[in-house]
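The structure appears right after this line, and notes come after that.
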Amino acid sequence: DGSKRKNKKNGASPGGTESKSNVFLADVRTHFSAVERLIEDESVLLHHILSLVPKVPGLVNKSMIKEGKDGTPRLNGTMRKKMGEYYHDILWRTSGQLIEEPLLWDGARDRIPMGLAHPKLPLVIATLLKDYVSAQLGDSYPSLVLPSIHIVIEVLNLHAISASWDVQMVRSLAASSRPKTQRVILDDSSHSSITGKLFNETVNSLVHLNNRCIPDVLNDIVSHGLHDPEEFPFLEEMHILRRLQATLFACRNWVETKSAANIQSWKVADFFIINHGDLSRMLPSFDLLQICDHKNVAGTNSTSIKLFSHVQSAVTQQVQTCQTKIRNLPIEQNENLCRVCRTFCLACLQNVFPGGKHWGKSGNNPVTHGSYVKDYTDRILLPVFSALAVFPTETQQVVGRLAVKTLCDSWLEHIYQKKFKFSEQGARSLAADFAYLRQWVDASQHLNDDSKRYLLLLDSIRQCEGVAKLLQNSSGKDVAVKPAKGNKVAPGELPQEDDSPVTQILEAIPPELYVTNHKKWLSLRVGGGGGGGMSLPFCC
């Protein structure tokens, strides 16, 4: 057979190596030509159908039929055009809908179905098809098949959204159910929990998938100068926003549950990793999220688009509410930290703080700080400072300030609640205890120098030192707390000179100025009542 010998000679036989290698050669024009041939075949079929329609008695109105040159009945031009448009519209839309199952789930011996492959594969194919659709005429598909191509793109995108979110969300929920908080060091050397990292990746993926819907508007305006609002991928946007809302809700529940458990057991390291590490890395994704308001389709006559816009507005509001709550979580959790820290401080002082006899002793012996102070600071501040070592300066200062303030306020609260009476010797011993706190903070190896300098200038420490000064006053007169001459630094403010030594700043304002109620503390002196000096009339 000559044809067989010719095929064998050209290497076109099934066993030829050349034919196998040609399968992997990308030829876009051949791809477009195949679609064009498919349209031609369907056009031939349509021509036969339209030629048979007028021959069926009573199928169409007689006004739509005209007599051809050969005497056979034919459809007039207007009717042929309308029926042809209707045929192609139904044909290609139905083709796009029927292609989903074989496209995603039909496999072969040498490959797995696309639906079981990595979600990046359908996403890349959808992007490639979208580029072809938005290309200029001649470099794209014929306009007749564009409805079918749009449906294919939508099917691929929806599958990528669903498949990627399912995998990521299952991993996030599985990690969040573990009793212990497992940590990991990221590429930027920052610390994160595994669960927080997975939630961040899920949110970031959904945000980028959502933003892929928005550039379609810009691309269409640039390419054609006008955008049809009804071509917006509403279905893709709804699938993404619903999954984003569910992800944010699950993340918020995980943060609140884990934070409550960690802070109640004083596992501050895990508490800080979740609230000041994981949540802070999620905020940039919130800023990247772009949500279309769809005001340009307010006057559309399409009922489905009106329904999509209404539902999208409701889901968008839920997403934004979840974002606001997650942004406020670090502040809310810091308040919980202060409440629990106060409870731990008072419980610790109840066990280690010396009794009243210790503070009422008289004499002029040299004083040193009590042994309880180291125990107190090590139990409360040491876990906090150790956990803050991996965080930036801003976090060290914010959280460190809350811990030191709560420790000092609880210290003073315990002293006043117990109504201890202080001799001058006891007051000097208390001053030495407060001075040790300052030394302990300054000697900490966990915080950087800027953070330690910031903490050493806190009003809470100065208030403690002011109380000790008031209790040492045995003159029987009220203490004058006028600022030093030429001092321009108000309480609670940092000086303008950032390079000023801490000692110079502390000497600028007497510590008694930070104590609000002098009589309250002067009443705790041995033999003292409400303080010396002239008493005010009752009416004042």
(message) Holding to side-chain hydrogen bond (donor to acceptor under 3.5 Å, both in side chains), I want the full list of residues that pass it with Q245, two or more places apart in sequence or in another chain.
(response) none
(request) Indicate the atoms forming the closest heavy-atom contact of L329 with L279, along with that distance. (result) CB-CD1, 3.7 Å
(message) Tell me whether R453 is salt-bridged to D449, with the criterion being a basic N under 4.0 Å from an acidic carboxylate O.
(response) no
(message) Under a 4.0 Å threshold between the charged nitrogen and the carboxylate oxygen, would K405 count as salt-bridged to D459?
(response) no
(request) Could you list the residues that satisfy ring-ring contact (aromatic ring centres under 6.0 Å, His included) with W254, not counting sequence neighbours? (result) F199
(request) Compare every heavy atom of P383 with every heavy atom of I380, then report the nearest pair and how far apart it is. (result) O-CD, 3.6 Å
(request) Might you point out which heavy atoms bring T368 and A432 nearest each other, and give the distance in Å? (result) C-CB, 3.9 Å
(request) Answer yes or no: does atom NZ of K452 have more than 12 heavy-atom neighbours from other residues, nucleotides or ligands under 6.0 Å? (result) yes
(message) Between R525 and E424, does any side-chain N to carboxylate O distance fall below 4.0 Å?
(response) no
(message) If you count heavy atoms of other groups shown closer than 6.0 angstrom to NZ of K419, is the number above 12?
(response) yes
(message) Can you tell me how far apart CD (Q463) and OG1 (T516) are? Round to the nearest 0.5 Å.
(response) 6.0 Å
(message) Among L209, V203, T202, exactly one meets side chain to side chain contact (heavy atoms under 4.5 Å, CB included) together with S205. Which residue is that?
(response) L209
(request) Just do the side chain to side chain contact (heavy atoms under 4.5 Å, CB included) check on L437 and L381 with the steps written out, would you? (result) CA-CA 10 Å; L437 172 62; L381 291 184; 3.9 Å; yes
(message) Please determine whether side chain to side chain contact (heavy atoms under 4.5 Å, CB included) holds for the pair L128 and V124, giving the CA-CA distance in whole Å, both sets of side-chain angles, and the decisive distance to 0.1 Å.
(response) CA-CA 6 Å; L128 186 63; V124 169; 5.5 Å; no
(message) If we ignore hydrogens and angles and just use 3.5 Å, is the side chain of K258 paired with the main-chain N or O of P179 as donor and acceptor?
(response) yes
(request) For residues Y454 and L447, determine if any side-chain heavy atom of one lies less than 4.5 Å from a side-chain heavy atom of the other. (result) no
(request) Check T195, T257, I194 against S176 for a side chain to side chain contact (heavy atoms under 4.5 Å, CB included) and give me the one that passes. (result) T195
(message) Nearest 0.5 Å, please: how far is CG in N210 from CE in M238?
(response) 11.0 Å
(request) Before accepting this row, confirm whether a basic side-chain N of the pair E201/R171 lies closer than 4.0 Å to the acidic partner's carboxylate O. (result) no
(message) I'd like to know if the side chain of S164 and the backbone of I161 have a donor-acceptor N/O pair within less than 3.5 Å.
(response) yes
(message) Within the supplied structure, the quantity of interest is the number of heavy atoms (other residues, nucleotides, ligands) at a distance under 6.0 Å from R242 CZ; does it exceed 12?
(response) no
(message) Is there a side chain to side chain contact (heavy atoms under 4.5 Å, CB included) between C213 and F234? Walk through the geometry before answering.
(response) CA-CA 9 Å; C213 302; F234 293 96; over 6 Å; no
(request) Report the distance from atom SG of C251 to atom CG of D278, rounding to the nearest 0.5 Å. (result) 8.0 Å
(request) Mind checking the CD1-OG spacing from I273 to S192? Nearest 0.5 Å is all I need. (result) 7.0 Å
(request) Supply the atom-to-atom distance M282 CE to I326 CD1, rounded to the nearest 0.5 angstrom. (result) 5.5 Å
(message) So, using ring-ring contact (aromatic ring centres under 6.0 Å, His included) as the criterion, who are the partners of F271 when residues are at least two apart?
(response) none
(request) Go through the side-chain N and O atoms of R212 and H208 and say whether any donor and acceptor fall under 3.5 Å apart. (result) no
(request) Examine distances only and state if a side-chain atom of S177 and a backbone atom of A174 form a donor-acceptor pair shorter than 3.5 Å. (result) yes
(request) Could you tell me whether D442 and R438 make a salt bridge, using a distance below 4.0 angstrom between a side-chain N and a carboxylate O? (result) no
(message) Testing the basics here: between S423 and G360, what is the closest heavy-atom pair and its distance to 0.1 Å?
(response) OG-C, 3.5 Å
(request) Kindly indicate whether the side chain of W411, heavy atoms from C-beta on, has any atom under 4.5 Å from the side chain of D433. (result) yes
(message) Closer than 3.5 angstrom, by distance alone: can the side chain of K421 be matched with the main-chain N or O of S523 as a donor-acceptor pair?
(response) yes
(message) Could you check whether H276 and N334, counting side-chain N and O atoms only, form a donor-acceptor pair closer than 3.5 Å?
(response) yes
(message) Distance check, rounded to the nearest 0.5 Å: L513 atom CG versus R462 atom CZ?
(response) 9.5 Å
(message) Between H239 and L235, does the side chain to side chain contact (heavy atoms under 4.5 Å, CB included) criterion hold? Intermediate values first, please.
(response) CA-CA 6 Å; H239 277 250; L235 193 58; 3.9 Å; yes
Cut-off 3.5 Å, no hydrogens considered: what does the side-chain donor-acceptor table look like for residues 344-354, sequence neighbours left out?
residue: Q350; atom: OE1; partner: K418; partner atom: NZ; Å: 3.3
residue: N351; atom: ND2; partner: A347; partner atom: O; Å: 3.2

(request) Any pair with a residue in residues 387-398 that passes side chain to side chain donor-acceptor pair (under 3.5 Å), sequence neighbours left out, goes on the list, sorted by first then second residue, please. (result) T393-N448, Q396-N448, Q396-S451
(message) Show the nearest heavy-atom pair for residues L430 and W359, with the distance to one decimal.
(response) N-CZ3, 3.8 Å
(message) As a quick check of understanding, evaluate ring-ring contact (aromatic ring centres under 6.0 Å, His included) for F385 and W440, giving each step before the final call.
(response) CA-CA 11 Å; F385 285 14; W440 189 92; 5.5 Å; yes
(message) Heavy-atom count check: over 12 atoms from other residues, nucleotides or ligands less than 6.0 Å from Q317 CD?
(response) no
(message) So D270 and R183, do their side chains get closer than 4.5 Å, heavy atoms only?
(response) yes
(message) For H159, is there any backbone N or O sitting under 3.5 Å from a side-chain donor or acceptor partner on S162?
(response) no
(message) Please enumerate all residues that pass salt bridge (charged side-chain N to carboxylate O under 4.0 Å, His left out) together with D287, with sequence neighbours excluded.
(response) R327
